[in-house]
Every structure is written in C-alpha cells, then in structure tokens.
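Below is one structure, written out as structure tokens, with a few remarks after it.
The residues of the chain are indexed from 1 along the displayed sequence. If you're wondering where the values come from, they're calculated on a predicted model, not measured in any experiment.
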Amino acid sequence: MEHLMIGGAPRPVAPFSHAVRAGDFLFVTGQMPTDPVTHEVVGEDVETQTRQVMANLSTVLAGAGTTLSRTVFARVYLTEFQRDYAAMNALWETYFEVGKRPARTCVGVTGLAVGALVEIDLVVAL
C-alpha cells in the first residue's frame, strides 16, 4: 500500500491520508468544500460546495496520476438530503460521461466536518 498526501490539495480536517493506493485501486478520502489555500469552506449552498468538492477530488486524483473518469464507486454525504439531493445530482451528472457513470451511494447525515453541506469519497481504478 502507498499512503498519499497530495501537494495543492486541501489540508485534511483530521489525521488521515488524501488517498491510499492498494493494488489496482485508489481509495480517496472524502473531500470537503474547502479552499486549498485559505482552508475555509467555500459557499453556503450545495451547488457551490459540490463544485469545490469535485475540484478537490480532481486535485487529489491528478496528484495520484489519474482522473475522475476512472471512478468505480462514490459515496456522497448530504446534511440536507431532501433539500439538496436534486441540485447535487444536477451537478454530479456533468462530471461523468453518460453511460460511464460510477456506481454510487448517497446518504443523508446529521452533520459533516467543518459545517459542510456535502462530502464525497471515491474508489478509483488505476
């Protein structure tokens, strides 16, 4: 296994690696909607926060030598599930080619680190 900390990615909000390479897979820690420079949460709506989360995921993936298109599975966590599910999905579908979208679970949770509205983690094929 290789534990990765990616330069330019947001500082982790807890003691963990950005990603772990194990065999033919990369397990990417859930990314928050934090700016990699200021470490502050970006935006107060799920659309803005989802865009930042996806940008952060893309940064981690690029640092590991891969892209979102290799995503096998994703988990999405929303603190306001009923309110934000449709808006998050509208953005989500723009990141993946039709017919090649990853398997996914999306759940409502009572809270996320840094007061975020959304967090997403990935399993990526290398």
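Val20 forms part of a hydrophobic cluster together with Met1, judged by ILVMFWY side-chain heavy-atom separations under 4.5 Å. Members clustered with Met5: none, using a 4.5 Å side-chain heavy-atom cutoff among hydrophobic residues.
Every pair passing side chain to side chain donor-acceptor pair (under 3.5 Å) that includes a residue from residues 95-122 is listed here, sequence neighbours excluded: Arg75-Asp121, Tyr77-Asp121, Asn89-Arg104. Sequence neighbours left out, not one pair with a member in residues 105-126 passes ring-ring contact (aromatic ring centres under 6.0 Å, His included). Among pairs with a residue in residues 96-126, those fulfilling ring-ring contact (aromatic ring centres under 6.0 Å, His included) read Trp92-Phe96, at least two apart in sequence or across chains. Within the structure, salt bridge (charged side-chain N to carboxylate O under 4.0 Å, His left out) contacts touching residues 23-39 (residues at least two apart or in different chains) do not occur.
Pairing each heavy atom of Ala19 with each of Val60, the nearest pair is CB-CG1, 4.1 Å. Heavy atoms only, all atoms of each residue included: Thr34 and Pro10 are closest at OG1-CB, 3.5 Å. Residues Pro102 and Phe73 come closest through the heavy atom pair CB-N, 4.1 Å. Nearest heavy-atom pair, Pro36 versus Ala9, reported as atom, atom and distance to 0.1 Å: CB-C, 4.1 Å.
Annotation: side-chain contact (heavy atoms from CB on, under 4.5 Å) contacts of His39 (sequence neighbours excluded): Arg11. Listed by chain and number, the residues in a side-chain contact (heavy atoms from CB on, under 4.5 Å) with Phe16 are Pro12, Val13, Ala14, Thr29 (sequence neighbours excluded). Scored by the side-chain hydrogen bond (donor to acceptor under 3.5 Å, both in side chains) test, Arg21 finds Glu2 as partners (sequence neighbours excluded). Scanning for ring pair (Phe, Tyr, Trp, His ring centres under 6.0 Å) contacts around Phe27 gives an empty result, with sequence neighbours left out. Under the side-chain contact (heavy atoms from CB on, under 4.5 Å) criterion, Thr67 pairs with Ser69, Arg70, sequence neighbours left out. Ala55 pairs by the side-chain contact (heavy atoms from CB on, under 4.5 Å) definition with Gln52, not counting sequence neighbours.
If you chain together hydrophobic residues whose side chains sit under 4.5 Å apart, Leu4 and Val123 never meet in one group. No continuous path of hydrophobic side-chain contacts links Val42 to Val118 [ILVMFWY only; heavy atoms under 4.5 Å]. Under the 4.5 Å side-chain heavy-atom criterion for grouping Ile, Leu, Val, Met, Phe, Trp and Tyr, Met88 is not connected to Val109 through any hydrophobic cluster. Both Leu78 and Val53 belong to a common hydrophobic cluster when Ile, Leu, Val, Met, Phe, Trp and Tyr are linked at side-chain heavy-atom distances under 4.5 angstrom. Leu26 is connected to Leu57 through a chain of hydrophobic side-chain contacts under 4.5 Å among Ile, Leu, Val, Met, Phe, Trp and Tyr, so both are in one cluster.
Within the 3.5 Å criterion, the main-chain N or O of Leu61 finds no donor-acceptor partner in the side chain of His18. A donor-acceptor pair under 3.5 Å links the side-chain atoms of Asn56 to the main chain of Met32, judged by distance alone. With hydrogens and angles ignored, the 3.5 Å screen pairs no side-chain donor or acceptor of Thr50 with any backbone N or O of Glu47.
Using a 4.5 Å cut-off on side-chain heavy atoms (C-beta onward), Val46 and Glu80 make no contact.
In this structure, CG in Leu122 is found 4.5 Å from OG1 in Thr71, a value given to the nearest 0.5 Å. Between the CZ atom of Arg83 and the CG atom of Leu117 there is a distance of 5.5 Å, given to the nearest 0.5 Å.
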(request) Start with the C-alpha gap between Leu68 and Met54, add the side-chain angles, then the distance that decides, and say whether side-chain contact (heavy atoms from CB on, under 4.5 Å) holds. (result) CA-CA 9 Å; Leu68 282 171; Met54 296 304 286; 3.9 Å; yes
